[in-house]
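Following: one structure in structure tokens, then a few remarks.
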Number of protein chains: 2
Amino acid sequence: MMREYYSITELTREFDVSTRTLRFYEDEGLVQPVRRGRTRLFRPSDRHLIRQIMRGKRLGFSINEIREIIQMYKEPPGEIGQLNLMIKRIEEKREDLRQKRRDLEETLAELDQAEESCVERLVELGVNT
Amino acid sequence: MMREYYSITELTREFDVSTRTLRFYEDEGLVQPVRRGRTRLFRPSDRHLIRQIMRGKRLGFSINEIREIIQMYKEPPGEIGQLNLMIKRIEEKREDLRQKRRDLEETLAELDQAEESCVERLVELGVNT
DNA sequence: CGCTCAATTGACTTTTACGTAAATGCCATG
DNA sequence: CATGGCATTTACGTAAAAGTCAATTGAGCG
């Protein structure tokens with residue numbers, strides 16, 4: 001079932017962030033929950049945005065970078081110049097992500113090696129006792 | 001040829017960081033260049049460390065996390081308890097990196113989709129004019 | 001030796017991404 | 001109705017990771 005609204009505390013629990021953080025994202029214009037009186041009602045689309053924000057954070061993107069990425073997920077603009085510009089920006093972000101992927105694979109490889117050294121050392125010690 | 005020493009400015013150019021940054025990393029104990037008088041002489045091992053630091057930064061790790069990772073690359077400890085602890089830590093970091101990889105792939109997929117939408121829109125506009 | 005210019009040091013400042021506290025609102029429940 | 005329990009707003013605080021600036025220092029060179 002697709003819920004209509006989520007309360008702020010529901011989402012803080014789901015994503016393990018504080019209310020302060022979600023309000024901060026609202027101030028930053030990353031999400032725009034609707035209001036009933038003064039209380040915020042987050043829609044599924046807001047929830048999805050928060051999911052994307054958390055992903056961006058884990059990848060080490062700043063709020064501004066996340067904002068840019070979120071722009072890219074939105075409806076493409078209607079003007080050709082804008083479209084070409086957006087495609088260029090998207091390509092840049094993808095290159096950025098590919099660099100991160102290379103960094104990630106290299107780091108994983110080095111950690112694999114480090115673990116192997118540890119295991120070898122354990123075997124040595126196990127043999128000698 | 002394997003250079004013996006690198007000056008601080010050489011490395012700032014190579015890695016596109018400021019001298020302040022490299023000194024900061026030294027203060028943080030991430031690198032320990034030797035000294036001739038007061039000037040720092042960075043050895044190939046320091047250079048390699050800086051490379052690893054930059055990788056960690058691009059992946060969004062904090063200085064403390066980078067410090068931990070660097071510890072893992074070093075010689076494995078001699079004591080069994082320490083070795084097991086280190087293996088556990090390494091496994092945690094790897095899980096962290098695998099999460100980042102999932103985030104990365106998802107983000108790349110969404111960007112692919114976004115670009116496709118843009119291209120489609122371009123085709124529409126191209127057809128209509 | 002004196003000059004110059006890069007390098008160092010230390011202090012202070014800045015930016016980012018929230019944390020925290022205080023005062024207050026809203027509302028369901030006993 | 002008052003009590004508890006979230007919510008909100010406003011304002012100030014803070015830690016991390018450098019940037020910036022000023023005052024020195026030292027090394028090389030003519």
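Letters go in sequence order (proteins before strands), and every chain restarts at 1.
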* Starting at CD of B:Glu26 and ending at P of C:dG10, how long is that distance when rounded to a whole Å? -> 11 Å
* Asked: In B/S/- notation, 5' to 3', how is nucleotides 20-26 of chain D contacted by protein heavy atoms closer than 4.0 Å?
  -> B----S-
* **Earlier contact from the 5' end, DNA chain D, for A:Arg13 and B:Phe24** => A:Arg13
* For C:dC18, take OP1 and OP2 only and decide whether either is under 4.0 Å from a side-chain N or O of A:Lys57. => yes
* Think A:Tyr25 has a side-chain N or O under 4.0 angstrom from the OP1 or OP2 of C:dA17? -> no
* Asked: For B:Glu68, what residues pass the side-chain contact (heavy atoms from CB on, under 4.5 Å) criterion, not counting sequence neighbours?
  -> B:Lys93
* Of all residues at least two apart in sequence or in a different chain, which pass the side-chain contact (heavy atoms from CB on, under 4.5 Å) check with A:Arg20? -> A:Ser18, A:Phe24
* Are A:Gln52 and B:Glu110 close enough that a side-chain donor and a side-chain acceptor fall under 3.5 Å? -> yes
* **Set of residues satisfying side-chain hydrogen bond (donor to acceptor under 3.5 Å, both in side chains) with respect to B:Arg47, sequence neighbours excluded** => B:Tyr6, B:Glu14
* Asked: For B:Glu95, what residues pass the side-chain contact (heavy atoms from CB on, under 4.5 Å) criterion, not counting sequence neighbours?
  -> B:Arg98, B:Arg102
* For DNA chain D, what residues of residues 59-69 of chain B have any heavy atom nearer than 4.0 Å? -> B:Ser62, B:Ile63
* Figure out the CD/C1' separation between A:Glu28 and C:dT15, and round it to whole Å. => 12 Å
* Considering residues at least two apart in sequence or located in another chain, which fulfil the side-chain hydrogen bond (donor to acceptor under 3.5 Å, both in side chains) criterion with A:Thr12? -> none
* Set of salt bridge (Lys or Arg N to Asp or Glu O under 4.0 Å) partners for B:Glu120, sequence neighbours left out -> none
* A:Leu22 CG - D:dC6 P separation (whole Å) -> 16 Å
* If each of A:Thr21 and B:Thr9 is mapped to the nucleotide of DNA chain C with the nearest heavy atom, which maps nearer the 5' terminus, i.e. the 5' end? -> B:Thr9
* Asked: Is A:Ile87 reachable from B:Leu125 through a run of I, L, V, M, F, W or Y residues, each pair having side-chain heavy atoms under 4.5 Å apart?
  -> yes
* Asked: Tell me the salt bridge (charged side-chain N to carboxylate O under 4.0 Å, His left out) pairs involving residues 71-87 of chain B, sequence neighbours left out?
  -> none
* To do: Mind running a 4.0 Å heavy-atom check of residues 44-54 of chain B against DNA chain D and sending the residues that fall below it, in number order?
  => none
* Asked: Quick one: hydrophobic cluster around B:Leu41, which other residues, with the 4.5 Å side-chain cut-off, linked directly or via members?
  -> B:Tyr5, B:Val34
* Asked: With respect to the phosphate group of D:dA7, does any side-chain polar atom (N or O) of A:Arg40 fall under 4.0 Å of OP1 or OP2?
  -> no
* With sequence neighbours left out, what residues match A:Arg35 under side-chain contact (heavy atoms from CB on, under 4.5 Å)? -> A:Glu26, A:Arg40
* Reckon A:Thr19 touches a base, only the sugar-phosphate, or nothing at all at heavy-atom distances under 4.0 Å? -> nothing
* To do: Remember a base hit wins even if backbone is also touched, and classify A:Arg36 as base, sugar-phosphate or nothing at under 4.0 Å, heavy atoms.
  => nothing
* Structure fact -> Rounded to whole Å, CZ of B:Arg58 lies from C1' of D:dA17 at a distance of 17 Å
* For atom CD of A:Glu10 and atom C1' of D:dC6, their distance in whole Å -> 13 Å
